[in-house]
Amino acid sequence: NIGSNTSANPFTYLRFGASQHGAADIRPTDEGSHKVGLSFYTDGTQDSTINPTERMRIDNSGRVMIGTTSTSGISGSGDDIIIGSIGDSTSRGITFATTADATIRWADAGDNAMGRIQYVNSTDKMSFHTSNAQRLTIDSSGRIGINTTSPVGKLTVDENNASEHF
């Protein structure tokens, strides 16, 4: 069941469901000065009241807000992903569910992975890369390698091909 708001409000929205099982809405947001964002609402109350709660918003600057409707105290720049509100004591996290590898990348015009944090499930290693080179490794035993991908002590530092083990 997909319907739209038929009120005189020019900000019409789409509603999905709208039954005793709740509803989900996609609504435009009035951000003033003729700027419009988009909000996503869900409701799982499973009773006769349908009162969806805003869960995610994309504002007119391209910022994605999850669990908040404000960028107050976060960043004045566009293209941010904001999870939660300042002062909110709820635990937050990002989960990459895969049996392969998961990577967070920082890109520039010349390379799509100049900086990255990567976890490889098959080897249980986490690595940190800067300037498109692996700089730090934490292996499955908790050994740390700096400028080496294979630490042999609790801390292995490779400086110009001369390794120090601690």
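Position 1 is the first residue of the sequence; numbering continues from there.
Without hydrogens or angle criteria, K125 side chain to Q118 main chain gives no donor-acceptor distance under 3.5 Å. Without hydrogens or angle criteria, S61 side chain to R63 main chain gives no donor-acceptor distance under 3.5 Å.
The shortest non-hydrogen separation linking I66 to M56 is CG1-CG, 4.0 Å. Pairing each heavy atom of P151 with each of T156, the nearest pair is CA-OG1, 3.6 Å. Between D25 and R27, the shortest heavy-atom distance links the atoms OD2-NH2, 2.5 Å.
Put simply, I94 and V120 are part of two different groups of oily side chains (I, L, V, M, F, W, Y) that touch within less than 4.5 Å, one to the next.
A search for side-chain contact (heavy atoms from CB on, under 4.5 Å) contacts involving F128 returns I117, M126, L136, I138, not counting sequence neighbours. In terms of the side-chain hydrogen bond (donor to acceptor under 3.5 Å, both in side chains) criterion, N121 has no residue partners (sequence neighbours excluded). Considering only residues two or more places apart in sequence or on other chains, E54 meets the side-chain hydrogen bond (donor to acceptor under 3.5 Å, both in side chains) condition with S39, Y41, R57. Every residue was checked against the side-chain contact (heavy atoms from CB on, under 4.5 Å) condition with S91, not counting sequence neighbours, and none meets it. Taking R135 as the reference, T130, S131, A133, N147 meet the side-chain contact (heavy atoms from CB on, under 4.5 Å) condition, with sequence neighbours excluded. Scanning for salt bridge (Lys or Arg N to Asp or Glu O under 4.0 Å) contacts around D139 gives R143, with sequence neighbours left out.
Among pairs with a residue in residues 97-107, none fulfils salt bridge (Lys or Arg N to Asp or Glu O under 4.0 Å), at least two apart in sequence or across chains.
Atoms CD1 and NE2, from I104 and H129 in turn, are 12.0 Å apart once rounded to the nearest 0.5 Å.
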Assess whether side chain to side chain donor-acceptor pair (under 3.5 Å) is satisfied between R116 and T103, documenting all intermediate values. CA-CA 7 Å; R116 64 187 177 274; T103 307; 5.9 Å; no
